[in-house]
Amino acid sequence: MDEQIRKGVLRGIILKGLDLEYPNEMSDAALQPMLQGSGYGDITKLEVRRDLEYLGGEGYLEFGRKSRDLWLVKLTSKGVKLLEGRIDEDPGILIAR
């Protein structure tokens, strides 16, 4: 799979997972096994965090506690709007509809 498509799908899965917990937070430690179960068996915590940084930088999620061992994140209203298709799609995120 093309790396850009892989990253886009991965970010979409992260947002969908966070939507299931909305408005609560979810940890990177919980996201990693969720992604592994979605076909990304080789994903590392560092890769998860890179995508969380991207999504946070674009305003789709916000960080709660952020320490070396644990990051807590939650979906923002902008992230919800993206998932619902109420704002323009982001070329770095592929969401299955």
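This is a predicted model, so every value here is computed, not measured. Residue numbers run from 1 in the order of the sequence given.
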How close do Asp51 and Lys7 get, heavy atom to heavy atom, and via which atoms?
-> OD2-NZ, 3.3 Å
If you count the non-hydrogen atoms of other residues, nucleotides and ligands that lie under 6.0 Å from CD in Glu53, is the total more than 12?
-> yes
Taking the side chain from Ser27 and the backbone from Trp71, do they hold a donor-acceptor pair closer than 3.5 Å?
-> no
Just by distance, do the side chain of Tyr40 and the backbone of Arg6 share a donor-acceptor pair under 3.5 Å?
-> yes
Transitive ILVMFWY side-chain link Leu75 to Leu72, under 4.5 Å | no
Got a donor-acceptor contact below 3.5 angstrom from the Arg65 side chain to the Leu70 backbone?
-> no
If you round to the nearest 0.5 Å, how far is CG of Leu55 from CG of Leu15?
-> 5.0 Å
Side-chain contact test, heavy atoms from C-beta onward, threshold under 4.5 Å: evaluate it for Val73 versus Asp28 and give yes or no.
-> no
Please output the side-chain donor-acceptor pairs of residues 16-25 that fall under 3.5 Å, not counting sequence neighbours, one pair per line with the distance.
unit_1: Lys16; atom_1: NZ; unit_2: Ala96; atom_2: O; d: 3.3

Shortest non-hydrogen pair, Leu82 vs Asp88, comes out as CD1-O, 3.6 Å
Value for CD (Glu47) from CG (Leu10), rounded to nearest 0.5 Å, stands at 8.0 Å
Contact check, side chains of Met34 and Ile13, non-hydrogen atoms, under 4.5 Å | yes
Minimum side-chain heavy-atom gap Ile93-Ile14 below 4.5 Å | no
Take Asp90 and Tyr54, measure what side-chain contact (heavy atoms from CB on, under 4.5 Å) needs, and give me the verdict at the end.
-> CA-CA 11 Å; Asp90 184 309; Tyr54 173 86; 2.8 Å; yes
When rounded to the nearest 0.5 angstrom, what is the spacing between CG in Leu94 and CD in Gln4?
-> 9.5 Å
In terms of heavy-atom contacts, does CD of Gln36 have more than 12 from other residues, nucleotides or ligands at under 6.0 Å?
-> yes
Give a yes or no on whether Leu61 and Leu46 share a hydrophobic cluster (residues Ile, Leu, Val, Met, Phe, Trp, Tyr; joining criterion: side-chain heavy atoms under 4.5 Å apart).
-> no
Within the distance-only criterion (no hydrogens, no angle test), does the side chain of Lys78 pair as donor or acceptor with the backbone N or O of Ile87 below 3.5 angstrom?
-> no
